[in-house]
Amino acid sequence: MAVSVEDIRNTIIEVLTEIDDTIDADALKDDVPFREQLELDSMDMLDVVLGLRRRYKLPIPESDYVHLQTMNSTIEYLLPLLNN
């Protein structure tokens with residue numbers, strides 16, 4: 001069964017709200033880095049990566065962290081990996 005863009009978006013939001021439960025998911029901009037929008041530090045971003053790895057049981061090498069900066073880029077990165 002294919003994973004949809006909406007499924008991935010919801011999972012990203014779940015991971016973000018685990019880090020900061022005050023996040024307004026409806027206010028997230030898809031093309032603005034999470035760090036800018038949500039005032040996340042580098043440890044928070046690592047928690048995002050680890051949360052996605054745990055949820056999807058997917059290795060995400062450190063060299064790919066650059067692809068996990070915005071909602072759009074994270075979805076674009078995960079979609080082919082999850083539907084392969």
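The analysis underlying the following values was restricted to heavy atoms, covering all of them including side chains, and did not include hydrogens, waters or symmetry mates. Quick caveat: nothing in here was measured; it's all calculated off a predicted structure.
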Look up atom [atom1] in [X] and atom [atom2] in [Y], then write down how far apart they are to the nearest 0.5 Å.
| X | Y | atom1 | atom2 | answer |
| --- | --- | --- | --- | --- |
| Leu79 | Asn84 | CG | CG | 10.5 Å |
| Ile60 | Thr74 | CD1 | OG1 | 8.5 Å |
| Ile12 | Leu28 | CD1 | CG | 9.5 Å |
| Leu81 | Glu76 | CG | CD | 12.5 Å |
| Leu58 | Leu52 | CG | CG | 9.0 Å |

Can you give each donor-acceptor pair under 3.5 Å made by side-chain atoms of residues 37-45, sequence neighbours left out, with the distance rounded to 0.1 Å?
unit_1	atom_1	unit_2	atom_2	d
Gln37	OE1	Lys29	N	2.7
Gln37	NE2	Lys29	O	2.9
Gln37	NE2	Val32	O	2.7
Asp41	OD1	Met43	N	3.0
Asp41	OD1	Asp44	N	2.8
Asp44	OD2	Asp41	N	3.2

> Which atoms form the tightest heavy-atom contact between Phe34 and Thr70, and what is the distance?
Replying inline: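 Closest approach of Phe34 to Thr70: CZ-C, 3.5 Å.
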>> Is the shortest side-chain heavy-atom distance between Ile75 and Asp30 below 4.5 Å?
In response: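 No, their side chains stay 4.5 Å or more apart.
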For residues 62-69, which side-chain donor-acceptor pairs fall under 3.5 Å, sequence neighbours excluded?
unit_1	atom_1	unit_2	atom_2	d
Asp64	OD2	Tyr77	OH	2.7
Gln69	NE2	Tyr65	O	2.9

>> Once salt bridge (charged side-chain N to carboxylate O under 4.0 Å, His left out) is applied, do any residues pair with Arg55, and if so which ones, sequence neighbours excluded?
In response: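 Testing Arg55 for salt bridge (charged side-chain N to carboxylate O under 4.0 Å, His left out), a comparison that skips the adjacent residues, returns Glu14, Glu18.
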